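Contents: one structure, followed by commentary.
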Amino acid sequence: MVTDSFYERVYAIVREVPPGTVVTYAEVARRAGSPLASRATGYALNALAWDADVPWWRVVNRTGGISDRPGVGAMVQRERLEAEGVVFSSDGRLDLRRYGWDGAGASGFGGQQ
DNA sequence: CCAATGACCGTAA
DNA sequence: GTTACGGCCATTG
């Protein structure tokens, strides 16, 4: 720890992500200060532990799906998100338009579905 | 310091 | 709609 750097910044952001909401790596990187550091963002989460104090499972790629990660398995993340109230599409993807944390929030409408 | 890696993103064909 | 390629960032060896 103590890694006072992009790392902690990403953790702080992910930690601020409310339940039932997901954010893309690009979004986190954007909030971290580097909109193009999406790669480094994944690297930071990679250093995280499955039981870290950071809801890394709320972080997904731009496709709204779960990236292929070593070890654990995307399957675990899907269950975690479902437990948060997130619903996946038949393609295994979720609507960033609705669950996307950019404040979007679910304004309630929009409707698609 | 230089080289390589990585849970990615964006654009093009 | 999918597939392919390049680029950019930060961390580690």
Side-chain angles (χ1 to χ4, degrees):
Chain A
M1 341 230 224
V2 290
T3 33
D4 286 5
S5 51
F6 194 80
Y7 262 56
E8 277 204 3
R9 198 153 311 171
V10 173
Y11 300 152
I13 294 163
V14 178
R15 222 174 281 163
E16 291 294 314
V17 178
T21 309
V22 299
V23 312
T24 62
Y25 293 94
E27 191 61 35
V28 176
R30 189 172 227 225
R31 287 214 174 210
S34 298
L36 302 182
S38 42
R39 250 178 167 190
T41 306
Y43 203 89
L45 293 170
N46 181 28
L48 277 172
W50 61 277
D51 62 345
D53 284 332
V54 181
W56 55 267
W57 53 81
R58 281 181 203 151
V59 184
V60 297
N61 56 31
R62 75 165 172 96
T63 57
I66 300 171
S67 304
D68 185 44
R69 83 191 114 257
V72 198
M75 182 173 63
V76 178
Q77 185 169 357
R78 176 159 55 142
E79 277 193 37
R80 282 231 188 205
L81 287 170
E82 283 184 318
E84 296 284 314
V86 177
V87 181
F88 281 76
S89 300
S90 303
D91 294 339
R93 296 190 242 182
L94 38 81
D95 297 325
L96 292 174
R97 198 65 116 164
R98 190 177 161 138
Y99 297 107
W101 176 47
D102 310 340
S107 278
F109 222 124
Q112 237 219 45
Q113 175 272 81

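As the structure is a prediction and not an experimental result, all values here were calculated from the model. Proteins get letters first, then strands, A, B, ... in listed order; numbering begins at 1 in each. Every heavy atom of this structure was used, including side-chain atoms; hydrogens, water molecules and symmetry mates were not.
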Q: Any chance you could lay out the side chain to side chain contact (heavy atoms under 4.5 Å, CB included) test for V10(A) and V54(A), step after step, and finish with the verdict?
A: CA-CA 9 Å; V10(A) 173; V54(A) 181; over 6 Å; no
Q.
Counting only heavy atoms and a strict 4.0 angstrom limit, can you tell me which residues of residues 43-50 of chain A come near DNA chain B?
A. Y43(A), L45(A), N46(A)
Q. Counting only N and O atoms by type, is there a donor-acceptor contact under 3.5 Å from the side chain of T21(A) to the main-chain atoms of V17(A)?
A. no
Q.
At 4.0 Å (heavy atoms only), tell me whether A40(A) reaches a base, stays on the sugar-phosphate, or touches nothing.
A. base
Q) Rounded to whole angstroms, how far apart are OH on Y11(A) and P on dA7(B)? A) 14 Å
Q.
In this structure, how many angstroms lie between the C1' atom of dT11(C) and the CZ atom of F6(A), rounded?
A. 11 Å
Q | Cation-pi, W57(A) ring and R78(A) (6.0 angstrom, 45 degrees) | A | no
(Q) Using a 3.5 Å distance criterion without hydrogens, assess whether the side chain of Y11(A) forms a donor-acceptor pair with backbone atoms of A44(A). (A) yes
**Q.** Heavy-atom pair with the smallest gap, counting every atom of A29(A) and S38(A)
**A.** CB-N, 3.7 Å
Q. Whole Å only: how far is the CZ atom of R30(A) from the C1' atom of dC9(C)?
A. 15 Å
Q. Under 3.5 Å, is there a donor-acceptor pair between the side chain of T24(A) and the main chain of E27(A)?
A. yes
(Q) Working note: V22(A) + L81(A), criterion side chain to side chain contact (heavy atoms under 4.5 Å, CB included); need CA distance, chi angles, decisive distance, verdict. (A) CA-CA 8 Å; V22(A) 299; L81(A) 287 170; 3.7 Å; yes
Donor-acceptor pairs under 3.5 angstrom involving side-chain atoms of residues 65-73 of chain A: please list them, not counting sequence neighbours.
residue: S67(A); atom: OG; partner: N61(A); partner atom: ND2; Å: 3.1
residue: R69(A); atom: NH1; partner: Q77(A); partner atom: OE1; Å: 3.3
residue: R69(A); atom: NH2; partner: Q77(A); partner atom: OE1; Å: 3.0

(Q) Please determine whether a side-chain nitrogen or oxygen atom of T41(A) lies at a distance below 4.0 Å from atom OP1 or OP2 of dC9(C). (A) no
Q | Contact letters for nucleotides 8-13 of chain B, in which S counts primed atoms plus P, OP1 and OP2 and B counts the base, heavy atoms under 4.0 Å | A | BSS---
